[in-house]
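Below is one structure; the comments refer to it alone.
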Amino acid sequence: QSPSGSGDDEPVYALTPVSRLLVDSQNLAPLAAMVLNPAFVSPFFELGTWFQKELPGPCLFEHTHGRTLWEQADRDATFDALFNDSMASDSHFIMDIAIKECPGAFHGISSLIDVAGGLGAAAQAISKAFPGVKCSVLDLDHVVSNAPSDTNVQYIAGDMFESMPPADAIFFKVTSSIY
């Protein structure tokens, strides 16, 4: 569209509201990079085979790559960084909305465990918005070893299927079940 609307001027390009999500304060570019990565796209090419199996496994990523997403992240530092950056990006976006729209959800809670919380973006947002809530993140060793040290969030290495630290609330942010 031309700036004056006359059609004689050079075109002016602008971001659409959706494309702004990739560059504005709620930068979702890391999430877009993950979902467009061949490791994440290729499982969709296997959907036909996956559905044709008599008892398909619940994990399309594992069906395609021979290992779960978590096993892949444990073996490949580049893949792990891609996944963790994308989840942090998603958490910043989602938690901004959740805290603004549902602030009462965290009232009366003095401690919270973000289970499989990765690098702690969600727990950090909760802790910042509600300083009286002691936030912790429980995740696997290889994730916690890369956690930031400059936050007021405590990181606990462990497996949620083996034990859970005590807390007033348990926080889960679900990712796609095909992975």
Side-chain angles (χ1 to χ4, degrees), residues 1-51 59-65 67-106 114-131 135 137 139 142-143 145-153 155 171-179:
Q1 170 179 357
S2 65
S4 66
S6 67
D8 296 334
D9 301 322
E10 283 196 40
V12 174
Y13 299 95
L15 294 171
T16 64
V18 172
S19 66
R20 286 191 186 284
L21 294 173
L22 296 174
V23 295
D24 282 350
S25 62
Q26 299 300 327
N27 186 347
L28 292 176
L31 183 61
M34 180 190 77
V35 298
L36 296 174
N37 183 281
F40 287 91
V41 173
S42 60
F44 290 102
F45 296 113
E46 297 289 328
L47 271 175
T49 306
W50 188 61
F51 282 129
C59 179
L60 186 55
F61 188 94
E62 183 177 11
H63 170 79
T64 304
H65 298 294
R67 64 179 65 97
T68 67
L69 180 142
W70 318 115
E71 291 167 338
Q72 181 67 23
D74 193 28
R75 293 179 181 190
D76 181 343
T78 302
F79 182 86
D80 189 47
L82 173 73
F83 182 74
N84 285 325
D85 290 346
S86 70
M87 290 296 98
S89 167
D90 180 59
S91 289
H92 288 298
F93 178 71
I94 296 297
M95 293 311 298
D96 184 52
I97 295 168
I99 288 168
K100 286 178 184 171
E101 298 295 324
C102 307
F106 300 98
D114 183 358
V115 177
L119 300 179
Q124 290 170 35
I126 294 167
S127 178
K128 183 178 178 184
F130 303 97
C135 293
V137 172
D139 214 315
H142 76 275
V143 176
S145 68
N146 293 318
S149 59
D150 60 345
T151 74
N152 56 350
V153 171
Y155 292 88
F171 183 82
F172 287 98
K173 186 173 109 1
V174 179
T175 58
S176 175
S177 63
I178 65 165
Y179 296 115

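Considering only heavy atoms from C-beta on, Met34 comes within 4.5 Å of Met87 through its side chain.
Panel note: side chain Tyr155, backbone Leu119; a donor-acceptor pair is recorded below 3.5 Å. Using modelled atom types, one side-chain atom of Asn84 and one backbone atom of Asp80 make a donor-acceptor pair closer than 3.5 Å. Looking at Ser127, its side chain never comes within 3.5 Å of a backbone N or O of Ala123 through a donor-acceptor pair.
Summarising the geometry, atom CD belonging to Glu62 is positioned 6.0 Å from atom CD belonging to Glu71; distances are rounded to the nearest 0.5 Å. One distance of note links NZ of Lys173 with CG of Asp90; it measures 4.0 Å at 0.5 Å rounding. Separating the CD1 atom in Ile94 from the OG atom in Ser89 is a distance of 10.0 Å, to the nearest 0.5 Å. Taking CZ from Phe79 and NE2 from His65, the interatomic distance works out to 7.0 Å, rounded to the nearest 0.5 Å. To the nearest 0.5 Å, the span separating CZ on Arg67 from CG on Asp76 amounts to 8.5 Å.
Here the shortest heavy-atom pairing between Phe61 and Leu69 reads CD2-N, 3.4 Å. Counting all heavy atoms, side chain and backbone alike, Thr64 lies closest to Ser42 at CG2-OG, 4.0 Å. Between Asp139 and Gly118, the closest heavy-atom pair is OD2-N, 2.7 Å.
Ring-plane geometry between Phe40 and Phe83 is classed as parallel, the angle between the planes falling under 30 degrees on a 0 to 90 degree scale with a further cut at 60.
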